[in-house]
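Presented below is the structure to which this report refers.
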Amino acid sequence: MIRLVSFGRKHPQPERRPDRIVDCTHLPNPHHEPRLRPLTGLDSAVQTYVARSRGYTRIAEHVVATVTDGDEVAFACYGGRHRSVAVAELVADRLRGKGFDVAIEHCDLRR
C-alpha cells in the first residue's frame, strides 16, 4: 500500500510524518483562474489544467519511479484545494496503473 496525502502549507501539516513531501507551489495555480477557483483538485478541469504543466510531469515521473510499497508521499500547495489534490489524484492513477494499491487522504480539501 502506498499512501498519498495532500495538504495546504497555510494550514498545520499532517500529524503523521510522510516519507517525503513534494512541493507543488511552483505549478500553475487554478485559484487564479476564475472558472477553476470554485472547483477542487478532484474536478477533471483542475486536473487537466495542472497536468498540462511540465512541472507536473517531472513530479509524477519522479514519484512513480522512486516510490516503493509502504511509502507515504505528501503533496503540498498553498491552500490544499487545487494543485496538491490534483497531483495526488493524478499520481494515484499512474501508480494504480502500475499495479500498486493506493490510499489517498486530502487534509485541507474542504477548508
Side-chain angles (χ1 to χ4, degrees):
M1 166 85 60
I2 295 172
R3 188 165 181 263
L4 304 180
V5 178
S6 72
F7 72 97
R9 290 203 180 271
K10 74 177 186 177
H11 308 293
Q13 287 191 12
E15 289 183 22
R16 288 179 55 173
R17 285 306 213 175
D19 295 300
R20 67 183 119 160
I21 297 175
V22 178
D23 184 12
C24 297
T25 58
H26 66 284
L27 300 176
N29 193 346
H31 178 78
H32 300 299
E33 297 292 329
R35 68 181 179 80
L36 299 177
R37 180 179 288 185
L39 305 177
T40 72
L42 296 177
D43 293 296
S44 62
V46 172
Q47 291 178 10
T48 299
Y49 180 84
V50 170
R52 284 189 198 140
S53 94
R54 187 181 346 220
Y56 160 74
T57 303
R58 287 188 194 129
I59 288 171
E61 288 175 354
H62 177 74
V63 171
V64 170
T66 60
V67 74
T68 58
D69 202 30
D71 281 354
E72 180 174 329
V73 180
F75 299 94
C77 62
Y78 182 69
R81 290 181 31 93
H82 294 104
R83 293 170 290 182
S84 61
V85 173
V87 172
E89 291 290 333
L90 292 164
V91 169
D93 288 345
R94 286 183 179 219
L95 291 169
R96 289 182 184 119
K98 297 230 177 242
F100 286 101
D101 187 16
V102 180
I104 301 177
E105 178 184 357
H106 300 298
C107 297
D108 301 314
L109 181 65
R110 301 291 172 214
R111 287 186 188 227

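In this text, all values refer to a predicted model and were calculated from it rather than measured experimentally.
Tyr49 and Leu42 end up in different hydrophobic clusters when Ile, Leu, Val, Met, Phe, Trp and Tyr side chains are linked at under 4.5 Å. Residues Ile21 and Val64 do not share a hydrophobic cluster, defined by chaining ILVMFWY side chains whose heavy atoms lie under 4.5 Å apart. Follow the hydrophobic side-chain contacts under 4.5 Å out from Tyr78 and you never reach Leu36; the two are in separate clusters. Under the 4.5 Å side-chain heavy-atom criterion for ILVMFWY residues, a single connected hydrophobic cluster contains both Val46 and Leu4.
Contacts classified as side-chain hydrogen bond (donor to acceptor under 3.5 Å, both in side chains) and involving residues 60-69 (residues at least two apart or in different chains) are given here: Arg20-Thr66, Thr68-Asp71.
Once rounded to the nearest 0.5 Å, the distance linking CZ of Phe75 with SG of Cys107 reads 12.5 Å. Between the CD atom of Glu72 and the CD atom of Glu105 there is a distance of 8.0 Å, given to the nearest 0.5 Å. The CZ atom of Arg111 sits 9.5 Å away from atom NZ of Lys10, with the distance rounded to the nearest 0.5 Å. In this structure, OG in Ser6 is found 6.5 Å from CG in Leu109, a value given to the nearest 0.5 Å. Interatomic distance, CZ of Arg52 versus CG of Leu27, reported as 14.0 Å (0.5 Å rounding). The structure places NE2 of His26 at 6.5 Å from OG of Ser53, a figure rounded to the nearest 0.5 Å.
Remark: side-chain polar atoms of Asn29 are paired, donor with acceptor, to backbone N or O of His31 under 3.5 angstrom. A donor-acceptor pair under 3.5 Å is formed between the side chain of Arg81 and the backbone N or O of Leu39.
Of all heavy-atom pairs between Pro28 and Arg83, the closest is O-CD, 3.4 Å. When every heavy atom of His82 is checked against every heavy atom of Arg37, the shortest pair comes out as NE2-O, 3.2 Å. Closest of all the heavy-atom pairs between Pro30 and Val50 is CG-CG2, 4.0 Å.
Under the rule for a side-chain hydrogen bond (donor to acceptor under 3.5 Å, both in side chains), the partners of Thr25 that lie at least two apart in sequence or sit in another chain are Asp23.
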For residues 87-103, which side-chain N or O atoms pair as donor and acceptor with protein atoms under 3.5 Å away, sequence neighbours left out?
| unit_1 | atom_1 | unit_2 | atom_2 | d |
| --- | --- | --- | --- | --- |
| Glu89 | OE2 | His106 | NE2 | 2.6 |
| Arg94 | NE | Tyr56 | OH | 3.4 |
| Arg96 | NH2 | Val102 | O | 3.3 |

